[in-house]
Amino acid sequence: MATERYNAREAEARWQTVWTEGKVYQTPNDDPRPKYYVLEMFPYPSGRIHMGHVRNYSMGDVVARFKRAKGFNVLHPMGWDAFGMPAENAAMQNKVHPKSWTYQNIATMRGQLQSMGLSLDWSREFATCDVEYYTRQQHLFLDFLAAGLVTRRQSKVNWDPVDMTVLANEQVIDGRGWRSGALVEQRELTQWFLKITDYAEDLLTALDGLDRWPEKVRTMQRNWIGRSEGLRIRFALAGNGAPESARTVEVFTTRPDTLFGMSFLALSPDHPVTKMLAADNPDLAAFVDECHRMGTSVAALETAEKKGFDTGLKVVHPFTGDMHPVYVANFVLMDYGTGALFGCPAHDQRDHDFASKYGLPIHPVVVPEGVDAAGFSVADAPFLDDGRIVNSAFLDGLSVGEAKEAVARRLEAVTLDGAPAAARQVNYRLRDWGISRQRYWGCPIPVIHCETCGVVPVPKADLPVALPDDVEFDRPGNPLDRHPTWRHVACPACREPARRETDTMDTFVDSSWYFARFTAPDADDPTIPAVADAWLPVDQYIGGIEHAILHLLYSRFFTRAMRATGHVNLDEPFRGLFTQGMVVHETYRGPDGAWVSPADVRFEETDDGRKAFLATTGAPVVIGSIEKMSKSKKNTVDPTDIIESYGADTARWFMLSDSPPERDVEWTDAGAQGTNRFLQRVWRLVTEAARDLPAASPAGAPSAEATAILKAAHKALAAVDEAIEGLRFNVALAKIYELVNTLGSAFANDKPRFAADASFTAAFREALGILVQVMAPMTPHLAEECWQALGRDGLVANTPWPAVDPSLLVEDELTLPVQVNGKKRADVTVPRDADAATVEAAALALEAVIKALDGKPPRKVIVVPQRIVNVVA
RNA sequence: GCGGACGUGGCGAAACUGGUAGACGCACGAGACUUAAAAUCUUGCGCCGCAAGGCUUACGGGUUCGAGUCCCGUCGUCCGCACCA
């Protein structure tokens with residue numbers, strides 16, 4: 001008799017209703033069980049979920065369900081990273097208000113996520129654009145401001161003169177605005193900054209303690225923070241035109257040992273001394289302008305030629321008294337070090353390029369160990385390695401390290417213009433975090449500018465500073481700036497007319513503390529510290545590697561800033577981090593070379609491989625490379641289509657199978673079908689067994705067949721447990737396949753036993769129960785359906801994880817491989833506790849071993865208990 | 001250029017701290033059931049060879065009784081960073 005096929009669509013909707021109505025996944029804050037916080041990076045509400053989301057949230061859900069079954073009080077929330085530019089772009093293009101566009105997208109995507117059957121506590125949901133959320137963010141900002149963690153200063157930005165807005169570096173393409181196509185200018189604007197650099201050292205050293213983070217991410221953050229130890233050296237300025245107010249200029253160097261190889265000094269175009277000089281030097285002013293037009297994008301910097309402008313000024317070498325020229329150079333960054341450097345062309349690639357171009361001297365002062373200084377040339381390339389100091393007076397003969405120390409000590413003692421000529425300094429590549437955005441759809445920065453009182457924080461009682469709804473997007477620029485009334489406000493200090501700050505915050509601010517807000521989403525204050533401290537840190541955070549630096553570094557900083565202002569009492573927000581791989585898919589191109597969606601392609605297996613054709617016309621389609629799913633290449637698969645045709649469980653299982661979770665996984669329809677076949681097979685096995693198995697009455701000693709079934713089930717259980725614990729989902733799934741194969745053939749072959757052997761029937765029922773439970777984290781709907789079919793009580797979702805019976809994991813007899821000279825020749829089966837001598841004797845008695853030894857006595861026999869025997873001839 | 005990771009069947013991959021390489025899945029072949037197809041079931045499947053057997057974890061060395069795993073070198077792929085003084 002055929003069983004009915006499992007109807008995923010019907011069953012999934014039904015169980016989702018049961019879970020929701022039973023509030024199965026709502027997490028109370030006052031549960032005595034140990035806590036476990038699982039979090040997947042919350043999505044941007046772009047419109048529809050994509051397969052990447054399915055993979056990310058499937059992984060998180062497995063962890064959440066597994067930990068819940070293991071007895072933890074699990075927090076597994078979801079929200080929306082809802083501010084940002086796409087909403088404003090949609091407003092400009094489609095005349096939709098950013099707010100309605102965003103909330104409509106959220107509604108759609110919430111429905112899609114719910115159809116996946118995720119064990120989320122939806123009662124904690126929020127969007128960062130909810131006024132209830134960003135009010136608390138403004139509260140945090142005010143606290144940070146009071147704590148000295150916020151500054152306001154001039155900074156260079158990419159300014160699009162047509163759109164009248166600031167652009168991020170990645171929005172500048174070949175020096176032009178990505179939307180307007182206008183030439184982007186470098187402008188100095190007053191911007192708000194969060195002082196992340198205050199924590200540079202802490203953020204760096206604390207990385208060592210994040211032992212459950214991928215090493216790769218920690219390395220990336222280390223490089224980003226970019227700590228370097230060096231020396232600040234001041235040089236006396238000399239020569240005509242030296243400004244009265246600047247008698248010295250300071251440089252930062254990590255190579256003070258090469259000071260005697262100096263041949264020039266270079267200033268940033270933005271250096272104060274440059275500005276003074278440019279004021280009455282039109283040629284220099286023109287050069288500075290040229291530098292500004294170059295742009296700061298990576299591409300621009302990479303291709304830019306090194307250019308300099310000789311100011312005519314000189315600096316005095318502190319040891320030799322020699323005069324060296326002072327250039328303004330386009331490659332010197334104002335916001336690193338002191339905005340000035342001394343050039344040593346012999347031992348620095350960049351200085352070498354510059355000196356070669358301008359004909360400056362190149363004197364080697366470091367030579368490789370054992371090389372004659374006289375015969376050593378750096379004319380073609382600088383020497384960058386360690387070596388011995390030469391041509392450097394009192395440094396000669398020292399190592400690079402010793403020379404650095406010697407120069408530092410000597411210069412610290414020299415007084416120049418009333419202060420030491422040098423000081424040791426640790427420098428960081430990390431800069432303060434500029435959070436000002438000249439946009440509407442973001443969290444308003446809660447300050448007021450008053451003519452008389454200056455910058456005045458908005459009093460907390462006056463929060464929120466809410467975004468006005470009546471805004472127009474018909475013109476470029478920031479709608480907040482030209483709103484008729486919004487910006488006009490009385491100064492909180494003097495009550496005179498004043499104006500609001502119209503900058504809004506970078507959306508990375510929104511995502512820097514949402515994980516804390518989830519612990520008390522309705523609190524009046526940003527957090528309830530005791531509750532936040534009880535839940536945090538997030539035990540397992542899962543998301544894409546693309547956030548390795550910015551989001552994760554900002555969140556680490558924010559947590560420290562929230563600790564400094566009393567909102568939490570911890571410093572690291574994410575105890576465990578996992579970065580999952582992408583979902584990739586084949587690409588297809590039609591006869592006209594245009595990308596074709598997989599939905600429009602039909603396949604045929606031919607003698608020379610797989611061929612593709614357009615479903616509509618039958619025209620041939622070229623199968624291209626496998627790439628990250630993207631709209632532009634049309635190689636996407638819509639999760640909703642998959643869920644409707646195969647069910648959420650199939651999508652979830654397939655996303656977790658085969659590929660290790662940190663690696664890319666290829667979506668193929670054949671794979672999805674295979675997964676669906678497997679789930680149907682499980683359903684058939686469970687329902688047919690439930691039908692054919694007599695109600696089991698506890699039997700006496702289990703038969704050999706019953707023991708075999710129990711062993712298979714408990715071994716699989718132990719393996720799945722360990723694999724999920726290590727986030728090795730593909731391995732967990734493989735073990736489940738194995739168990740299903742074992743149970744399937746046992747069911748087919750041993751049916752006659754059901755009537756005769758009660759212990760076998762009981763064992764089979766137990767094994768099926770274990771199977772359903774270990775599958776439940778991955779395929780929760782099917783698991784509930786099977787659970788019910790087996791006649792078990794309640795929901796699998798509420799059932800504790802089964803306990804492994806350790807006695808079922810050990811075998812009485814072991815089959816060991818026997819090697820002769822390292823090559824496997826036979827197997828030997830021995831009792832588990834056999835001693836080495838017994839095993840050796842048994843191995844040497846094997847026919848294959850005797851044959852391989854060819855009459856010679858073994859020189860040595862190695863017996864590794866429970867593992868292997870190796871006979872050395 | 002600098003830094004890091006990784007190279008295992010046709011494909012995705014397993015392999016505990018050095019101990020039977022290729023579990024599990026996909027694709028494919030053969031067979032059963034069927035008028036037929038789908039579904040399902042059985043079975044085969046690293047390479048060479050009729051077989052015995054030999055070879056095999058990118059390539060070349062080394063350590064070891066024993067190496068996918070450790071060490072050295074070469075090649076290749078991927079990722080990150082890149083005027084950072």
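Model, not experiment: these values are computed from the prediction. Per chain, numbering begins at 1; letters A, B, ... match sequence-line order.
- With RNA chain B read from its 5' end, the first of the two nearest nucleotides for Val869(A) and Arg431(A) is the one closest to Val869(A).
- Between the side chain of Arg234(A) and the backbone N or O of Val249(A) there is no donor-acceptor pair closer than 3.5 Å.
- Syn is the glycosidic conformation of rG9(B), whose angle stays within 90° of 0.
- Distance from the side chain of Asp658(A) is smallest for rG25(B) among the nucleotides rA85(B), rG25(B), rA15(B).
- Note on Asp351(A): nothing from the nucleic acid sits closer than 4.0 angstrom, heavy atoms only.
- rU40(B) sits 33 Å from rA51(B) when the P atoms are compared, rounded to a whole Å.
- Pairing for rU64(B) is absent, with no Watson-Crick or G-U wobble pair whose two atom distances lie under 3.5 Å.
- Contact annotation: Arg222(A) side-chain N/O to rG80(B) OP1/OP2 distance is not under 4.0 Å.
- Residue Thr815(A) places none of its side-chain N or O atoms closer than 4.0 Å to OP1 or OP2 of rU20(B).
- Separation of atoms CG (Leu341(A)) and CG (Leu265(A)) is listed at 7.0 Å; rounding is to 0.5 Å.
- Taking the six-membered ring where the residue is Trp, Phe264(A) and Phe354(A) present tilted rings, their angle falling between 30° and 60°.
- Cation-pi contact between Arg5(A) and Trp683(A): absent, since separation from the ring centre below 6.0 Å together with deviation from the ring axis within 45° is not met.
- When rounded to the nearest whole Å, the span between CG of Asp827(A) and P of rG19(B) equals 17 Å.
- Side-chain polar atoms of Tyr646(A) and Asp669(A) form a donor-acceptor pair below 3.5 angstrom.
- From Leu333(A), atom CG reaches atom NE2 of His271(A) across 12.5 Å, with rounding to the nearest 0.5 Å.
- Using a 4.0 Å heavy-atom cutoff across all strands shown, Lys824(A) reaches at least one base atom of the nucleic acid.
- Taking atom CG on Leu384(A) and atom P on rC84(B), their separation rounds to 11 Å, with Å as the unit.
- Taking the P atoms as reference points, rG25(B) lies 16 Å from rA15(B), given to the whole Å.
- Within the nucleic acid shown, Ser228(A) comes within 4.0 Å of sugar-phosphate atoms alone, with no base atom in reach, counting heavy atoms only.
- Checking rA15(B), rC83(B), rA23(B) against the side-chain heavy atoms of Lys306(A) singles out rC83(B) as nearest.
- Here the rule is ring pair (Phe, Tyr, Trp, His ring centres under 6.0 Å) with Tyr327(A), and of Phe287(A), Phe342(A), Tyr358(A) only Tyr358(A) fits it.
- Between rA37(B) and rA32(B), the distance separating the two P atoms is 12 Å to the nearest Å.
- Residue Ser657(A) is classed as having no contact, given no heavy-atom separation below 4.0 Å to the nucleic acid.
- Across the strands present, rG10(B) finds its partner in rC26(B); the criterion is a Watson-Crick or G-U wobble pair with both atom distances under 3.5 angstrom.
- Comparing the C1' positions of rG73(B) and rG66(B) gives a spacing of 24 Å, expressed to the nearest Å.
- Side-chain contact of Ser228(A) with Tyr336(A): a donor-acceptor pair under 3.5 Å is present, judged by distance alone.
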Exercise for the section: Indicate for each nucleotide in nucleotides 54-66 of chain B, in 5' to 3' sequence, whether protein heavy atoms under 4.0 Å reach the base (B), only the sugar-phosphate (S), or nothing (-). Expected result: SS---------BS

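- Across Ile623(A) and Ala612(A), no two heavy atoms sit closer than the pair CG1-CB, 3.8 Å.
- Spacing between rA21(B) and rA14(B) at atom C1', rounded to whole Å, works out to 10 Å.
- Counting only heavy atoms from C-beta on, Ala670(A) has its side chain closest to rC26(B) among rA85(B), rC26(B), rC41(B).
- We find that CD1 of Ile868(A) is positioned 12 Å from C1' of rA21(B), with the value rounded to whole Å.
- Taking atom P on both nucleotides, rC24(B) is separated from rU43(B) by 12 Å, rounded to a whole Å.
- Taking the side chain of Pro660(A) as heavy atoms from C-beta on, and the options rA13(B), rA15(B), rC24(B), the nearest nucleotide is rA13(B).
- For the C1' atom pair drawn from rC41(B) and rG46(B), the interatomic distance equals 27 Å after rounding to whole Å.
- Phosphate contact (OP1/OP2 of rG25(B), side-chain N/O of Asn741(A), threshold under 4.0 Å): present.
- Pairing for rG49(B) is absent, judged as Watson-Crick or G-U wobble with the two contacts each under 3.5 Å.
- In this structure, of rA23(B), rA27(B), rG3(B), it is rA23(B) that holds the atom nearest to the side chain of Glu738(A).
- Here Arg350(A) does not reach the OP1 or OP2 of rG1(B): none of its side-chain N or O atoms lies under 4.0 Å away.
- Atom pair His547(A):NE2 and rG80(B):P shows a separation of 14 Å (rounding to whole Å applied).
- rC45(B) and rG29(B) are spaced 16 Å apart, taking the P atom of each and rounding to whole Å.
- OP1 or OP2 of rG25(B) has not a single side-chain nitrogen or oxygen of Tyr737(A) nearer than 4.0 Å.
- For Leu333(A), the side-chain atoms get nearest to rA85(B) when compared with the rest of rA82(B), rA85(B), rA23(B).
- Here Leu743(A) contributes atom CG and Asp750(A) contributes atom CG; the two are 11.0 Å apart, rounded to the nearest 0.5 Å.
- In this structure a side-chain-to-backbone donor-acceptor pair under 3.5 Å is missing from His585(A) to Thr668(A).
- Contacts of Arg677(A) with the nucleic acid, taken as non-hydrogen atoms under 4.0 Å apart, involve only primed sugar atoms and P, OP1 or OP2.
- When Watson-Crick and G-U wobble pairs are counted only if both distances are under 3.5 Å, rC59(B) pairs with rG73(B).
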Fill in the blank from the handout: Protein heavy-atom contacts under 4.0 Å, written 5' to 3' over nucleotides 5-10 of chain B as B (base), S (sugar-phosphate only) or - (none), form the string ------

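- In this model, a donor atom of one side chain and an acceptor atom of the other lie less than 3.5 Å apart for Thr815(A) and Thr829(A).
- Distance, Gln349(A) CD to rA82(B) C1': 13 Å, rounded to whole Å.
- Nucleotide rG80(B): paired with rC2(B) (Watson-Crick or G-U wobble, both distances less than 3.5 Å).
- Rounded to whole Å, the distance from CD1 on Ile549(A) to P on rC79(B) is 15 Å.
- Checked against the 6.0 Å centroid criterion, the rings of Trp224(A) and Tyr554(A) do not qualify as a close aromatic pair.
- The phosphate of rG3(B) has neither OP1 nor OP2 within less than 4.0 Å of any side-chain N or O from Arg218(A).
- Rounded to an integer number of Å, the gap from Glu662(A) CD to rA13(B) C1' is 12 Å.
- The distance between atom NZ of Lys735(A) and atom P of rC24(B), rounded to the nearest whole Å, is 9 Å.
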